[in-house]
Structure formats: C-alpha cells, structure tokens
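These notes are about the structure you will find just below.
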Amino acid sequence: MNKPNGWALMPLVVFFLLYFVVSLIINDFYKIPIAIAFLISSIFAVITTKGLSLNDRILQYSLGAANKNIMLMVWIFILAGAFAASAKAMGAIDATVGLAMMCLPSQLLLAGIFFASCFISLSIGTSVGTIVALVPIATGVAERAGIDGAFMAALVVGGAFFGDNLSFISDTTIAATRTQGCVMRDKFRANFMIAVPAALLVLGYYVFYGMDVQVAHPVTSVDIEKIIPYIIVLGAAIAGINVTLVLLLGILSTGIIGIMDGCFDFFGWFSAMNGGILGMGELIIITLMAGGLLELIRFNGGVDYILYRLTNHVKSKRGAELSIALLVSMANFCTANNTIAIITVGPLASNIAERFRVDKRKSASLLDTFSCVVQGIIPYGAQMLIAAELTGLSPLNIVGYLYYPMVLGGVALLSILFRYPRQFS
C-alpha cells in the first residue's frame, strides 16, 4: 500500500463530478447511468495507480470487488430480488399495502410508515433488511395515494438508519463500542439523546405534511393470508436470525402460499424468482465496481491521507470530537460501508479521545451517528442502491428527500458545538 496521498481521492471526485454535478447542471438524473459513472471513474483509478503493472492494478481492483463484505451484499441482493418479485407475484405487497391503508388514517400514512421503519430497524438492527421489507410496501402506498415514489422510498430509508444507528444488535453499534472500549448500554444512552430528538422532528414534519394526503379509492378488503410472508420475514428478523436465512424463509413462504392460493404454479414461482434475480443485475454490477474503485483509493493512500490531514491540527476537546466526526464521515465516503468506516478509524478515534479526554461513550456515539448520516445520503451506498432498484428510480431522486439523515447530522453537529448531552461531554 502507498503512503498517504491526496491524489488517490481523485477517482471519487471524478465520480461525483460526472454523476452528481453533471446531472444537476443538465437537470436530469437519468442521462448518466450510475454504472457508467462508476466505469469511467474505475478506469481513471486503474490508470492513475502507481507502482503496479496494468495486470496487477486490475487484480487489485478485483480484490476490492471480491471483498467478503461486498460478496455478502451481492448474495443479499440476489435473495432480496427473488423475495421481492415472488412476493409481488403472489400479491403479498398489494395485501400489505391494503392492510396499512385500512389501519392508518390517510393523514397518518407518512408518519405511520416512518415510525414502522424506525421500529423495525431498531428491532432487527439492519437498515438493508428494513429497506428490502418496507420499500415495496411504501411504493405501493405511494401509487395508491398519489405520492411521489422517491419521497416514500426516502421515508423508509431514513427510518431504517434510525435503527441502524441505535440498535443493540447493529453491526455499527458493535463496531463503535468495541473500538472505543465502552459498554453498549452507555453508548445507547448517549446516542438516544441525539437520535430521538432528530427522529421526533422528522416525525412531526411527516404528521404535518401528511394532513393533505387523501386516498382516492379506500381499501375495503384484504387477503390476510397473503401478508404472512412479510410477517415471517419481520418476525424472523426481529428474532435475530441471519438476514440471508430471513430472506430464504420469505421466499419459501411466498412459494407455498402463492401455489396454495393459485397465484402461480411451481414453475410460475420459479419464473418470478428468476425475474427478480435478473432485475438485480445492474445493482450487483454497480456494487462490484464500487468495491473495486474504493479498494484502489485505499491502496493508493487516499484513506490514510484523510486520517493524517484531519488529525494534524486538533487542539481542543471540541476539535477532537469534530475530527472524529470528520474522520468517520470521510472514511465512509471512501468505503461506502458504515461498519468498515468505523473499524478503519475506530482505533485512531480512541487515541484522539484519550488524548483530549473525550468521553468514550460520546466518541462511540459520534462514530456510529456520523457513519450512518453519510451512509444514509451517499448515492452509491448499498442501502440507496437497493432502494433505487426496488423502486426503479435514480438514487439521486431519492437523496433529496432523505430528511432524517440530514436532520440527524445537524443535531449531532450541534451536540458537538454546544457540548450536548452534558453528562457525556
């Protein structure tokens, strides 16, 4: 691996200029496909990598694409595609949407779905699992109620990061507490006083905004048995079962109930799953290219450069907390994985905390919170990509509606500037 090098971050700059800035200039987020943006920036990263032959550069790029975390996400995407397609084919999504619209007044649909996303993600500790389960339902509600699909998808994604940030069984919580050497309960208390005010602010907005929502054709009946796959998926996830097994149980239940109800035969079920898996092809390709690109950035010293630059001028406790927040944020931009970002900068954050007497409960909270904020808004994160795939939208269409991650970031920043909460500052 090379020494700290700011130039190593240029492929990421190329990606943002090509995908985000150009899309804003031409006011069309579909003109430049995200896969092409990653392809061009990946080629740039391979060309500018020093000290290796062309073949070794490509091998290093492939090493990043084949990273175990990337491959785990690929398997989840494949199973999620099969589950989403088979659930839609047997009517599970329509039935669940219908039940939600029967149980909730039109004016509380937005707040209800956001609350459900927060609760489920807090229970299962994974934002990806929450998004896979709820985004298709939210999209169905959007179609019935005449609401922007990107707005509804962002509502679920935002709520999903509430639990990702707070849950005791979340990977980010485990990584943050282990690297900082504090107890989960104490980190939860510090986090709670930042995340809950942000969630309540956003929930209040959804209640107010939802006052004008009216469903043109109210639902009067629901096939309750078709909701069983979602009940199984959510129940298994809350029970702490591995997400891949959760999705397998969901796929199996859609097949059994769909065949028994006559929604499809055995081969129709296979056909539905196949369509869902193939529909994830673009998402899988994007994920592999992102993994390769970010590996070359790491190999060329981009992440080490960020670590060096951000810790070079820290002089106060407030500055130390800001540097921890910036460290994990920049690492997350470069890795597109909030857990890996925390593991990468966690030991350095712990050293900074000890040197400037920052409470370890606060440093753990900052690591988890800011990693979730960044992961919640980057268009190439796994959560955003899968939400975009399930809705058929561009990730950039969804980003503009991600109110909870943005508000959470603002509240967390204020907690540093105003030394809140006092007992952890």
What heavy-atom pair brings [X] and [Y] nearest, and what distance separates the two atoms?
X: I378; Y: M384; result: O-CB, 3.6 Å
X: G158; Y: L402; result: N-CD2, 4.2 Å
X: I343; Y: A175; result: CG1-CB, 4.0 Å
X: L385; Y: P379; result: CD2-O, 3.6 Å
X: L166; Y: F192; result: CD2-N, 3.7 Å
X: A65; Y: I70; result: O-CG2, 3.2 Å

What's the separation between atom [atom1] in [X] and atom [atom2] in [Y], rounded to the nearest 0.5 Å?
X: L72; Y: T244; atom1: CG; atom2: OG1; result: 7.5 Å
X: I352; Y: L322; atom1: CD1; atom2: CG; result: 11.0 Å
X: S316; Y: R357; atom1: OG; atom2: CZ; result: 14.0 Å
X: F114; Y: M152; atom1: CZ; atom2: CE; result: 12.5 Å
X: L249; Y: L245; atom1: CG; atom2: CG; result: 4.5 Å
X: Y205; Y: L110; atom1: OH; atom2: CG; result: 9.0 Å

Relative to each other, are the rings of Y209 and F151 parallel, tilted or perpendicular (30° and 60° limits)?
tilted

Can you say whether the rings of Y206 and Y403 are parallel (under 30°), tilted (30 to 60°) or perpendicular (over 60°)?
tilted

Quick check: does any side chain N or O of [X] sit under 3.5 Å from a backbone N or O of [Y], one acting as donor and the other as acceptor?
X: E225; Y: I257; value: no
X: S350; Y: G346; value: no
X: S117; Y: A160; value: yes
X: T254; Y: A87; value: no
X: S253; Y: G250; value: yes
X: R361; Y: A190; value: no
X: Y61; Y: M289; value: yes
X: S86; Y: G255; value: no
X: N300; Y: L296; value: yes
X: T173; Y: S167; value: yes

With the side chain counted from C-beta on, respond yes when [X] and [Y] share a heavy-atom pair under 4.5 Å apart, and no when they do not.
X: Q375; Y: P405; result: no
X: F15; Y: I34; result: yes
X: F162; Y: L408; result: no
X: L18; Y: F44; result: no

Distance-only polar pair, side chains of S371 and N338, donor-acceptor under 3.5 Å:
no

Do T172 and D164 have a side chain donor and acceptor closer than 3.5 Å?
yes

Apply side-chain contact (heavy atoms from CB on, under 4.5 Å) to I43 and L39, showing your working.
CA-CA 6 Å; I43 293 171; L39 177 62; 4.1 Å; yes

Take atom CZ of F115 as the centre, draw a 6.0 Å sphere, and report whether it contains more than 12 heavy atoms from other residues, nucleotides or ligands.
no

How far apart are the C-alpha atoms of N191 and S365, what are their side-chain angles, what is the distance that settles it, and do they pass the side chain to side chain donor-acceptor pair (under 3.5 Å) test?
CA-CA 5 Å; N191 240 39; S365 173; 2.4 Å; yes

D368 and K187 ion-paired at < 4.0 Å
yes

Indicate yes or no: does E321 engage R318 in a salt bridge with an N to O separation below 4.0 Å.
no

Tell me whether the centres of the aromatic rings in F38 and Y19 are closer together than 6.0 Å.
no

Which pairs count as ring-ring contact (aromatic ring centres under 6.0 Å, His included) when at least one residue sits in residues 76-96, sequence neighbours excluded?
F83-Y230

